[in-house]
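Bear in mind the structure is a predicted one, so any value in this text is a computation, not a measurement. Just so it is clear: chains get the letters A, B, ... in the order the sequence lines come, proteins before strands, and each one is counted from 1.
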Amino acid sequence: MIGIIATPRHKILFEEFVEPILEIVEKVGHVGKIIKLENLNKINLEKYEAFIISGTALKDFSYLKYLRDFKRLLNKPIFGICAGGQILALLHGGYLINKHIIGKKRIKFINERKYTYAYFLTSKIPLFSLNKIEVFAVYKSIPVFFKIKNTSSYISVFHPEVYNHDLLYKFLDNIK
Amino acid sequence: MKVGVLYSGGKDSNYVVYKALKYGYKVNVLINILPRKDSFLFHYPNAKWVKLQAKAIGIPIIQRKEKTFEDFIKILKLAKKRYKIQGILTGALRSTFQATRFQKACLLAGLWCFNPLWLKNEVSIIKEVAKIFDIIIVGMYAYPLDLSLIGKRLSEVLDKILYLHNKYKINPAGEGGEYETFVIDAPFFKKRIVIDDYEIIKDSDHSVTYIIKKAHLEEK
């Protein structure tokens, strides 16, 4: 089972930020379960093979209250999207800078040397020392899709559920 | 939370009002933007009758012309001040151009931006709204949609639209401007709209507009 951790404060935002992820998870044959933040410290970790932490609205930072509750998930493969990535960054010793990136932007996948589009809706960018992360994609030299070395935590600053389903498919594929 | 809804009078913006009310939001205002002639962002065949829809629903409406992006932000700020709203709901479905514009404007106006139709399956949406709303097709602008659909109820021609979607890959929700709709009744409408007179303007076999010339409200 894949746990989809819903970061939005308002239930209506689940339709925008959480349900598209659930669709992707189910499309590739996994069972997905939406987990609300207030239930995070009660879940039975053994039931879950991996987690995807959703993004949320630009004005929403309520998820930061639950930072501590994410700690016990860190031994599992986790894919953090936008707000989800911010959570992972803070837990793994990274930091956040205030910077808005909004809209469809051209990003570069470094290893493949290919450009593609990604949809951003963020006001904070997670940053690390470069020796702590394995960078897969950049936007104007800012790492926007990367893995934290020696962990199974992936951070996407953009929303892959819009243009980059393949990144989620790959993540889910590695779990099978 | 008190919210405003970006409202064009079509099926998607009415579906957003429906969802807002279902989630328990207080919809304090509808915001109808009348575009510049060259703006493809907003929908406008029967813009003047949107005020009648607002009356039917019983929610105030702000209707303004938008020449620039800054105009759009000013309109949102006006709605925020006058109607004490904290957020805006939009019917953005898949267009990141549209979504980005709405997100940026809401950010600058200090408003939450909710997009409950975002990335939703268009076929599911159109089937749902055809069931719960009374919708008229008021514009057809793409091959192979034709005159036979104009002025008809969406529920009557839904099968044809879905057939054309399967065969020709037209967007079933009309998201690319293939067709436009006008809602004349919905569960949250306090009165229904009755169209008394209309005119069909045909630019070509696949570009037809149904212009409402006269309409009134009727008790339900």
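- By the salt bridge (charged side-chain N to carboxylate O under 4.0 Å, His left out) test, A:K147 pairs with no residue at all, sequence neighbours left out.
- For a residue to count as touching a neighbouring chain, one of its non-hydrogen atoms must lie under 4.5 Å from one of that chain's; by this rule B:A99 touches chain A with backbone and side chain alike.
- Here the two rings, on B:F114 and A:H10, have centers that are under 6.0 Å apart.
- Take B:Y168 and apply the ring-ring contact (aromatic ring centres under 6.0 Å, His included) test, not counting sequence neighbours, and it matches B:Y143.
- Heavy-atom distances place the side chain of A:Y163, and not its backbone, under 4.5 Å from chain B.
- The contact between A:E19 and chain B is made entirely by side chain atoms (from C-beta outward), counting heavy-atom distances below 4.5 Å.
- Only the side chain of B:K120 comes within less than 4.5 Å of a heavy atom of chain A; its backbone N, CA, C and O stay farther away.
- Taking all atoms of both residues into account, the shortest heavy-atom contact from A:L172 to A:H30 is O-NE2, 3.3 Å.
- If you measure heavy-atom distances from B:L89 to chain A, the contacts under 4.5 Å come from the side chain alone.
- Heavy atoms closer than 4.5 Å to chain B are found in the side chain of A:L13, but not in its backbone.
- Between A:F171 and A:Y154, the gap from one ring centroid to the other is short of 6.0 Å.
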